[in-house]
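Beneath this line is the structure, given in structure tokens, with notes to follow.
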Amino acid sequence: AMAGAVAGATAEGAKVAAPIVGKAVTEGAKAAAPVVGAVTEKITDAATPYVQDATQQLSTAAAPYVDSVSNAVGSTIVAPIKDATDSVTAAVGSAVDSTIVNPIKDATDSVTTTVNSAVYDTLAPMKDATDSVANAVESVMPFKIF
């Protein structure tokens, strides 16, 4: 019976105390808010120079490693890719020259030579005939025509 009476009294006390405790917490939070804000601001202001100094020190300490990583990336990744690209470009250029450009140039030169030879072979007899006619006409004319 005693346990039941204690439990009942505790439950009733909790019912009565709940709104009082709730109001006290709410009012306490309202009253503490400006103080908490001011304290937070003072802590931030006080810590800022130390944070800036630590940031600067970390940056200074890390700089050689950043440079080292950058150099390592350049020499181990960028340079070999560039070299490989240059090598492929040279190989492709050479292959294009030897399989496309040079044969076309050689064929063009050959056709040009053949055409020039054919034109000369065709025109030479005409020139010879023209010269022959001119010589014949000149031999019977008292003056030179050509």
### Query
Under 3.5 Å, side chain of S132 to main-chain N/O of D128, donor-acceptor pair present?
no

## Note on the structure
Applying side chain to side chain contact (heavy atoms under 4.5 Å, CB included) to D97 and not counting sequence neighbours gives V101, N102

### Query
What closest approach, in Å, do P80 and S75 show between heavy atoms, and which atom pair accounts for it?
CD-O, 3.3 Å

### Set of side chain to side chain contact (heavy atoms under 4.5 Å, CB included) partners for V73, sequence neighbours left out
V69, I77, V78

### Query
Do you see a donor-acceptor pair shorter than 3.5 Å between the side chains of Q56 and T60?
yes

### Task
Considering non-hydrogen atoms only, spot the tightest contact between I100 and P103 and give its length.
O-CD, 3.4 Å

### Query
For the side chain of S68 and the backbone of P64, is there at least one donor-acceptor N/O pair under 3.5 Å apart?
no

### Query
How long is the span from the CD atom in Q57 to the OH atom in Y50, to the nearest 0.5 Å?
12.5 Å

### Query
Has the side chain of T122 got a donor or acceptor atom that lies under 3.5 Å from a matching backbone atom of A118?
yes

### Task
Determine yes or no for a side-chain-to-main-chain donor-acceptor pair under 3.5 angstrom, with T85 supplying the side chain and I81 the backbone.
yes

### Message
Grouping I, L, V, M, F, W and Y whenever their side-chain heavy atoms are under 4.5 Å apart, do V119 and V111 come out in a common cluster?
### Response
yes

### Task
Report yes or no: does N135 contribute a side-chain atom to a donor-acceptor pair with the main-chain N or O of D131 at less than 3.5 Å?
yes

### Neighbour count >12 (heavy atoms, 6.0 Å) for atom CD, E27
yes

### Query
By side chain to side chain contact (heavy atoms under 4.5 Å, CB included), which residues pair with T40, not counting sequence neighbours?
V36, T44

### Query
Nearest 0.5 Å, what's the OG1-CG distance between T48 and D53?
12.5 Å

### Message
Do S59 and T55 make a side-chain contact, defined as non-hydrogen atoms from C-beta onward lying under 4.5 Å apart?
### Response
no

